[in-house]
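Since we're looking at a predicted model, the values are computed, not measured. Scope of the values below: all heavy atoms of this structure, side chains included, with no hydrogens, waters or symmetry mates.
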Amino acid sequence: MKRKLLSALLATAMTMTVVAGTGIAVSADGEAVVSTVMFSDPDTMDPGRADDDQKNSIVLECQETLVRLIDGKLTNAGAESYETSDDGLVWTFHLRDNKYSDGTPVVAEDYVNSIRRVFDPEVNCHNAGIFYCIAGGEAFNTGSGAKEDVGAKAIDDKTLEITLTEPIPYFAQLLTFANITPVPESKTEGENNSSYGAIVDDLAQCGPYYISEWTRGSKVVLKKNPNYWDADNIKLDEIDMVLAQDENTRQQLFDQGQIDLLRNVRTEYIDQVQSKIDSGEITLISGPQPRNSYICFNNEDPDGVFSNENIRKAFAIAFDRESYVKNVLKKDQAAYGEIPYGTAIGDDLFRDLYEEPMKELLEQDPVELLNKGLEEIGKAGETLEVTFLQRNADNETKVAAEYYQNQWQTKLGVVVNIETASDNSSFNNQVSKGQYQICQTGWGADYNDPMTFMQCYTTGDGNNPAFFSDAEYDELVNACKTESDMKVRGENFAKAEKILTVDKCGISPVTFSYSNVVVNPKLQGVYVNGAGGPSIEFRDAYLAE
């Protein structure tokens, strides 16, 4: 349902009237101001480097994608209309009369620049592999082609043409990515190509809001973009977002009326505020969210430990997911497959058709698997010592890491050391470079199709933190890119999922997200997205009278 959240009341120079004791405020001149919270500290606002939930949610409010996910439906946005060629290879977009926050018109060449930057090795967009369906993209990204050969061109200022290598049944879903949002080439020339997104004043922003203030480690302030093509229908004037990484702090902010929406709420907190939900003082939105967490093994472990299949399986089995969900997380549900509930395959839901495959793996003895693996890597009889990389130093993360440590030390007789990354961005960078042995990470749907969860683990994909590689897996997943028969696609995905999580155990699923979102009832028109777009969409949000 969503991958974002909202937040906290900031100090401001304007005189504010707080509405009904909530975080929602109205300034002296009648402007509507909403407070929100960030769960992590963004390291850049470059659309080309938007690679996590927090950055995506901010960038997608400040940029206009060609199509936008509104209330779960793909809706024309930056493109007023579009059509495809008979063979499905050429997509032509007719752009609206839209402007950046400084009044500069958005032109087709700006989208061309962003599409090229997705594949530019200097930009290092982690989602580049997802867009290899665009002609010339893979060649440019891998150093065998030029940016001018990428299949995106401006026919004129208002007409954009994108050419694919093969017809993709879900291509329109990919257009909701932050990476495919316009940035003028003048902003990213020369040295600016690698530094773009670091300074607010240099940003080109053409969405319903723009970033007016960004204090690293503290807050981001979004304001209504008066030059947005649909500005007349944007009702919020300002969205204040403060950094609050600690869960208890976020809950306190909501309890004190300083937060207007909070996602990812534990069941025990819902129980605490149930009377307010029943009385209408708090709005509750609940449901499955296409997002997962998993044990990520470095399949290219330089120490040769987690490059071993049997050792990976041992660690996967020696972990009680049900207890972890019930006693540690106190939210979500235990996962035994890679593709979460709520993910569609055509007109059906994938998990309604295909069982989670990993349960059969749990029938094996983890100690026997570990001993077999140790023998295979020449460490028979030794006490194995490994390092678990923890995402950050937050208490919630620390408790989870210690659970992993206890499970494996108790059930396998190994030694687990915990290494703590300085922050989430450092963690992501370290994992993407393979500078770890084992960790927990996850993935949230960027579009509503199993491909968003499965392509990540194809050989060499930029979002493959496990460095998993299997020829049969690649063949099955890649076949689904052009297959239009949803039954065939579903069967291919199911086979590939079993290879990934059972047969080769390249990763090991831990949880599927089940989202509880509490909202100030005065804040209405907010969309909670599951697959595509910002996790919380403010575009149509407004304050109730």
Side-chain angles (χ1 to χ4, degrees), residues 1-14 16-27 31-42 53-55 57-58 61 209 211 213-223 236-277 279-286 329-331 392-399 423-424 515-524 526 528 534-538 541 543-544:
M1 277 180 60
K2 62 272 95 136
R3 290 177 305 177
K4 277 281 95 203
L5 10 97
L6 315 170
S7 52
L9 189 62
L10 299 175
T12 164
M14 294 186 293
M16 295 287 185
T17 299
V18 177
V19 179
T22 72
I24 291 174
V26 179
S27 66
E31 289 190 341
V33 180
V34 173
S35 303
T36 72
V37 67
M38 299 184 293
F39 277 33
S40 61
D41 190 20
D53 183 49
Q54 189 63 74
K55 285 181 278 190
S57 287
I58 296 174
E61 295 295 357
Y209 304 96
I211 302 170
E213 183 181 351
W214 175 20
T215 304
R216 292 175 186 269
S218 177
K219 64 181 179 180
V220 170
V221 177
L222 309 183
K223 289 193 175 182
L236 297 183
D237 296 291
E238 181 173 318
I239 304 169
D240 295 337
M241 310 175 78
V242 297
L243 182 63
Q245 294 178 303
D246 179 72
E247 181 181 37
N248 290 331
T249 299
R250 294 192 293 266
Q251 290 180 358
Q252 289 172 9
L253 290 170
F254 190 82
D255 291 338
Q256 295 166 4
Q258 297 184 46
I259 291 179
D260 302 312
L261 182 153
L262 181 61
R263 75 161 175 98
N264 214 20
V265 175
R266 295 176 187 255
T267 303
E268 61 185 5
Y269 181 73
I270 296 299
D271 293 340
Q272 292 175 20
V273 298
Q274 188 62 54
S275 62
K276 293 185 177 181
I277 294 171
S279 67
E281 295 176 65
I282 295 174
T283 299
L284 172 65
I285 305 172
S286 296
L329 293 184
K330 300 180 181 178
K331 61 184 177 184
N392 55 47
D394 294 349
N395 184 64
E396 181 182 358
T397 309
K398 180 176 180 291
V399 170
D423 54 34
N424 291 344
S515 180
N516 291 314
V517 183
V518 286
V519 187
N520 182 331
K522 292 184 178 296
L523 176 59
Q524 299 187 12
V526 170
V528 181
S535 297
I536 302 297
E537 173 63 270
F538 287 103
L543 303 187

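A distance-only check finds no donor-acceptor pair linking the side chain of Asp394 to the backbone of Glu396 [under 3.5 Å]. Using modelled atom types, one side-chain atom of Asp237 and one backbone atom of Ala32 make a donor-acceptor pair closer than 3.5 Å. Of the possible donor and acceptor atoms, one in the side chain of Asp260 sits under 3.5 Å from a partner among the backbone N and O of Ser35. Not one N or O on the side chain of Glu238 forms a donor-acceptor pair closer than 3.5 Å with the backbone of Val221.
The nearest pair of heavy atoms linking Gly280 to Pro521 is O-CG, 3.5 Å. Annotation for Phe538 and Leu236: closest pair CD2-CD1, 4.0 Å, computed over non-hydrogen atoms. Scanning all heavy atoms of the two residues, the minimum distance from Pro534 to Glu61 falls at CG-OE2, 3.8 Å.
Residue Ser286 is tested with Val265, Val518, Ile270, Asn516 for a side-chain contact (heavy atoms from CB on, under 4.5 Å); the sole match is Asn516. The side-chain contact (heavy atoms from CB on, under 4.5 Å) test with Ile285 is passed by exactly one of Val519, Val526, Leu261: Val519.
Note that the CG atom of Asp41 and the CD atom of Gln54 stand 8.5 Å from one another [nearest 0.5 Å]. One finds the CD atom of Glu247 at 11.0 Å from the CD atom of Gln252 (value rounded to the nearest 0.5 Å). Taken to the nearest 0.5 Å, the OG atom of Ser275 stands 7.0 Å off from the CD atom of Glu281. Here Leu262 contributes atom CG and Leu253 contributes atom CG; the two are 9.0 Å apart, rounded to the nearest 0.5 Å. Rounded to the nearest 0.5 Å, atoms CG (Asp240) and CD (Gln258) are 12.0 Å apart. Rounding to the nearest 0.5 Å places CG of Leu222 at 6.5 Å from CD1 of Ile58.
Looking at heavy atoms from C-beta onward, Asn424 lies out of side-chain contact with Phe39 at the 4.5 angstrom threshold. In this structure, Lys330 and Tyr269 have side chains that are not in contact, with every pair of non-hydrogen atoms separated by 4.5 Å or more. A 4.5 Å side-chain heavy-atom check between Ile277 and Ile282 finds at least one atom pair inside the cut-off. Two residues are said to be in side-chain contact when any heavy atoms from C-beta on lie closer than 4.5 Å; Gln245 and Met38 fail this criterion.
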Report the C-alpha separation of Ile239 and Val220 in whole Å, then their side-chain angles, then the decisive distance to 0.1 Å, and conclude whether the side-chain contact (heavy atoms from CB on, under 4.5 Å) test is met. CA-CA 8 Å; Ile239 304 169; Val220 170; over 6 Å; no
Go through it in stages, so that I can follow the logic: the residues are Val517 and Arg263, the test is side-chain contact (heavy atoms from CB on, under 4.5 Å), and I'd like the CA-CA distance, side-chain angles, deciding distance and then a yes or no. CA-CA 4 Å; Val517 183; Arg263 75 161 175 98; 4.0 Å; yes
